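Taking it in order: structure first as structure tokens, then the write-up.
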Amino acid sequence: MKKKRKAAVLLAAVLLAGAAAPGNPVGAVQGEEKMSAQVMEREINLTEAVNPGKIIREVVTNRSMYYPGETIQGSIRFSDGDKTAGQVRLCLCYLNQVVWEQELPVSPQATELSFALSAPERDFTGYALEVYCYLDGKLADYTMTGVDVSSDWNMFPRYGYVTKMDSSVGEVAESLERLKAHHINGLFYYDVFDTQEKPLAGTVEAPAESWNTLNKSLAKKQTVLDTIRIGHELNMKSFFYNLIFGTYDNYEQAGVSPEWGMYCDRRHQDQDVHDISGIGWETEKFWLMNPANRLWQDYYIQVHQDLFSVYPYDGIQVDSLGPRGERFDYEGNEIQLDNAYVPMLNRLVQELGKKVIFNPVSAYGMEPQLKAVDYDIVYMEVWPSDTPDFAALKEKVDEIYQKSKGEKGTVIAAYMNYDAPKSENFNTPSINYVNAVLMSAGASHLELGDTGMLSSEYYPGNSMQITSRLEEDVRREYDFMVAYENLLRGTGLSQVEDETYICGQRTGADFKPGNVTSFTKVKHQEGESDREVLHLLNFDGAAHDSWVDKGLAQTAPNVKQQVTVSHKVTKEPTKIWVASPDYQDGISEEIAFTAEYGTVTFTLPYLEYYTMVVME
């Protein structure tokens with residue numbers, strides 16, 4: 001939501017040291033493209049916008065991410081209503097520095113304006129594409145979208161899910177267009193298999209045209225192929241999903257031996273199962289195999305090789321069920337399940353020739369797996385039983401970063417408003433708090449898909465309702481996460497001691513209601529000076545600190561504007577700027593400050609849920 005307030009944004013078009021400049025934009029107008037090593041300064045005062053949020057409906061780009069040097073094509077879509085002739089100014093910014101800009105004319109009748117430019121050559125870099133609309137010579141409106149320039153998705157993953165595999169090609173395109181607008185660059189294909197032990201319906205030579213999935217929904221071969229193809233056109237990776245040790249009832253008919261099984265006793269009389277009986281699905285139970293059994297591994301790899309020879313998935317998302325208690329193989333030997341996954345996962349990486357993602361539910365066995373397995377990304381499903389509150393969410397992400405060093409991006413599956421009636425609206429404050437915590441900590445949230453937004457671990461289920469306000473908020477959060485991904489994620493981040501005061505009161509560190517929580521990180525980026533990043537999260541006004549918010553009782557924070565902040569710095573900065581998904585559509589703002597005895601003092605323009613303060 002746009003807010004009309006004083007906000008002077010200094011734009012300086014520079015070529016970044018150590019960063020390649022974008023190529024010439026397509027369709028530049030009469031020399032109005034600007035890209036120079038000389039600094040060109042001007043001020044855009046966003047408070048002067050005549051109709052903020054009324055002229056520009058949205059700005060979209062044609063892909064979720066871009067390879068270095070690839071052409072970025074986009075459109076600026078205008079709201080209905082009369083407008084006068086004017087111009088649009090586009091600025092591509094790395095952090096708060098402009099690296100490319102262009103001006104385009106706007107006619108009174110225009111409903112959409114197209115543009116194109118070449119992506120910078122610098123890999124794994126996020127940019128803010130800022131758009132300013134001038135009518136009658138005055139700033140009328142502004143907005144921003146993120147642009148991710150990366151040769152692979154795994155440094156900055158943004159994961160979405162798909163479940164509807166009987167859709168027309170038009171329906172698939174529409175669904176993925178929504179996910180693309182949120183820069184989703186990986187797709188989780190939930191329960192698309194025929195059976196767990198034989199995921200390919202039909203044979204390699206004659207794949208079935210359709211089949212029933214686990215919940216007896218119809219899946220079509222053409223829909224799966226269309227979804228993979230359109231996703232690839234949008235630069236989205238596709239991941240097939242299956243349980244690492246699951247089989248259906250009567251699994252022996254598929255050639256699976258009970259001697260490969262995992263048992264609750266030493267005499268193989270009681271095979272371990274995950275019971276889903278009574279809901280009328282294709283199987284009453286998941287019969288569990290021993291992931292350390294070499295013959296089960298051989299079988300699992302072969303059936304997935306068959307699947308991948310028909311469907312060009314980019315990888316496999318392998319699931320688990322967390323700790324199972326004391327379990328045994330067929331010969332009665334105890335299985336150390338937390339360590340048993342590693343050999344099988346390594347074989348999947350080496351022999352499938354595909355990317356591999358594993359879900360160590362609630363971090364069960366994560367440490368040995370992170371040390372020994374070359375995952376594509378780090379993925380974890382969390383539950384209130386072991387991760388009860390905002391602070392615990394942050395701790396989980398921190399633990400992952402300590403082991404991964406940010407070399408692979410982190411995605412957290414946290415199912416919001418769990419058990420709430422599907423007829424209800426999602427609670428907007430609870431979603432915004434969780435996304436702020438995860439984003440600031442350095443992770444993204446698995447939440448968006450073709451059914452809307454997740455509120456349970458059963459992805460094909462009916463989604464709760466997403467209000468227009470929540471849709472706007474989440475869209476801005478994803479734009480922000482992409483635009484500033486080099487400060488939020490990736491390698492080179494280290495958390496340092498934080499000492500921050502707002503209006504003379506020390507900020508908290510516990511993410512509890514009633515206060516502002518802060519933490520500080522230093523970002524080291526090769527070829528650039530270190531940046532100190534202060535993260536401010538506002539829980540003043542929150543009803544509780546349970547992230548899941550089952551009762552839909554969460555409340556919005558009390559907005560803070562023009563408040564005095566003092567912060568002890570690791571090194572005195574030469575520049576301070578702020579950015580927030582809740583403020584100015586995420587466009588950064590440089591602010592004045594004073595420095596004395598290792599402490600900087602400044603006026604923070606705005607703090608709703610989350611504001612990032614960057615000290616250079």
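These numbers come from a predicted model, not from an experiment.
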For K396 and A363, the nearest pair of non-hydrogen atoms, with its separation, is CE-CB, 4.2 Å
### Task
Check the pair L607, V563 against side chain to side chain contact (heavy atoms under 4.5 Å, CB included), reporting the backbone distance first and the verdict last.
CA-CA 9 Å; L607 175 59; V563 293; 5.8 Å; no
query: Is there side-chain contact between V533 and M612, with heavy atoms separated by less than 4.5 Å?
result: yes
Side chain to side chain contact (heavy atoms under 4.5 Å, CB included) with K237: of D152, L187, I377, only one passes, and it is D152
CD1 (I412) and CD (E381) are apart, to the nearest 0.5 Å, by 10.5 Å
Q. Does the side chain of D386 come under 3.5 Å of the side chain of S362 through a donor N or O and an acceptor N or O?
A. yes
Quiz prompt | Residue pair Y583, E589: steps toward the side chain to side chain donor-acceptor pair (under 3.5 Å) verdict | solution = CA-CA 10 Å; Y583 176 63; E589 175 182 345; 2.6 Å; yes
Would a line drawn from the ring center of F602 to the ring center of F593 be shorter than 6.0 Å? no
Of all heavy-atom pairs linking N417 and D549, the shortest is ND2-O, 3.2 Å
Residues passing the ring pair (Phe, Tyr, Trp, His ring centres under 6.0 Å) test with F426, sequence neighbours excluded, are none
| task | Give a yes or no on whether a salt bridge exists between E58 and R475, defined as a side-chain N under 4.0 angstrom from a carboxylate O. | result | yes
**Asked** Under 3.5 Å, is there a donor-acceptor pair between the Y418 and E457 side chains?
**Response** yes
Practice item. Indicate yes or no for a side-chain donor-acceptor contact from N538 to the backbone of E608 under 3.5 Å, with no hydrogens or angles considered. Key: yes
Exactly one candidate in T594, L534, I576, V565 meets side chain to side chain contact (heavy atoms under 4.5 Å, CB included) with V600; the answer is I576
Are a donor atom and an acceptor atom from the side chains of W100 and Q102 found within less than 3.5 Å of each other? no
When you compare the side chains of N45 and T47, does any donor N or O come within less than 3.5 Å of an acceptor on the partner? no
Hits for ring pair (Phe, Tyr, Trp, His ring centres under 6.0 Å) against Y66, two or more places apart or cross-chain, chain-then-number order -> none
Exercise. State whether a side-chain donor-acceptor pair under 3.5 Å links Y415 with Y459.
Key: yes
So, do N51 and D141 sit near enough that their side-chain heavy atoms are less than 4.5 Å apart? no
When rounded to the nearest 0.5 Å, the distance separating CD of E130 from CD1 of I587 is 4.5 Å
For the residue pair E528 / Y94, report whether a side-chain donor-acceptor contact shorter than 3.5 Å exists.
yes
Taken in chain and number order and not counting sequence neighbours, the residues that satisfy side-chain contact (heavy atoms from CB on, under 4.5 Å) with A392 are T387, P388, D389
Exercise. Can you say whether the rings of F519 and F511 are parallel (under 30°), tilted (30 to 60°) or perpendicular (over 60°)?
Worked result: tilted
T491 meets the side-chain contact (heavy atoms from CB on, under 4.5 Å) criterion, sequence neighbours left out, with E407
Ionic contact status for K571 with E616, cut-off 4.0 Å:
no
So OG of S440 and NZ of K394: to nearest 0.5 Å the spacing works out to 7.5 Å
After noting the C-alpha distance and the side-chain angles of F156 and S150, does the key distance pass the side chain to side chain contact (heavy atoms under 4.5 Å, CB included) rule?
CA-CA 8 Å; F156 305 117; S150 296; 3.9 Å; yes
For N432 and D473, which I'm curious about, is there any donor-acceptor pair between the side chains at under 3.5 Å?
yes
So, D585 versus T143: side-chain donor-acceptor pair below 3.5 Å or not?
yes
Practice problem: Report yes or no: do N515 and T507 form a side-chain donor-acceptor pair below 3.5 Å? | Solution: no
Where does the angle between the aromatic ring planes of H182 and Y478 fall among parallel (under 30°), tilted (30 to 60°) and perpendicular (over 60°)?
perpendicular
Shortest non-hydrogen pair, A542 vs P513, comes out as O-CB, 3.3 Å
>> Donor-acceptor check, side chain of Q369 to backbone of G365, threshold 3.5 angstrom: yes or no?
In response: yes
Practice prompt. For residues P605 and T611, determine if any side-chain heavy atom of one lies less than 4.5 Å from a side-chain heavy atom of the other.
Written response: no
Closest non-hydrogen contact found for S75 with F115 is N-CE2, 3.5 Å
Mutual orientation of the aromatic rings belonging to F188 and Y159 [parallel < 30°, tilted 30-60°, perpendicular > 60°] = tilted
Rounded to the nearest 0.5 Å, the CE atom of M481 sits from the CZ atom of R158 at a distance of 6.5 Å
Exercise for review: Kindly determine whether N425 and I466 satisfy side chain to side chain contact (heavy atoms under 4.5 Å, CB included), including the steps that lead there.
Suggested key: CA-CA 6 Å; N425 293 333; I466 304 172; over 6 Å; no
Closest non-hydrogen atoms of V361 and G322, given as atom of the first, atom of the second and distance, are CB-N, 3.8 Å
Distance-only polar pair, side chains of T564 and T603, donor-acceptor under 3.5 Å: no
**Prompt:** Is the side chain of R178 donor-acceptor paired with the backbone N or O of G449 at a distance under 3.5 Å, no angle test?
**Reply:** yes
Closest heavy-atom pair, P157 versus G409, reported as atoms and distance to 0.1 Å, is CD-CA, 3.5 Å
Is the shortest heavy-atom distance from the side chain of M380 to the side chain of F358 under 4.5 Å?
no
Sequence neighbours excluded, the answer for side chain to side chain donor-acceptor pair (under 3.5 Å) partners of W153 is D376
- Query: Should K568 and D498 count as an ion pair when the cut-off is N to O under 4.0 Å?
  - Reply: no
Item checked: Residues H183 and S64: side-chain donor-acceptor under 3.5 angstrom -> no
Sequence neighbours excluded, the answer for side-chain contact (heavy atoms from CB on, under 4.5 Å) partners of L493 is Y401, K521, K523
(Q) Would T520 and H567 count as a side chain to side chain contact (heavy atoms under 4.5 Å, CB included) here? Give the steps. (A) CA-CA 10 Å; T520 302; H567 173 74; 3.2 Å; yes
- Mind checking whether F539 and Y433 have parallel, tilted or perpendicular rings, split at 30° and 60°? parallel
Original post:
Looking just at side-chain N and O atoms, do E477 and N435 make a donor-acceptor pair shorter than 3.5 Å?
Top reply: yes
Contact between S430 and T428 at the side-chain level, heavy atoms closer than 4.5 Å - yes or no?
no
- prompt: Under 3.5 Å, is there a donor-acceptor pair between the Y142 and Q584 side chains?
  reply: no
May I ask you to establish whether K408 and Y375 are in a cation-pi arrangement, using a distance under 6.0 Å from NZ or CZ to the six-membered ring centre and at most 45° from the ring axis? no
- Taking the six-membered ring of Y501, is the NZ or CZ of R506 close enough (under 6.0 Å from the centre) and on axis enough (within 45°)? yes
For K138, is the NZ atom crowded, meaning more than 12 foreign heavy atoms sit under 6.0 Å from it?
no
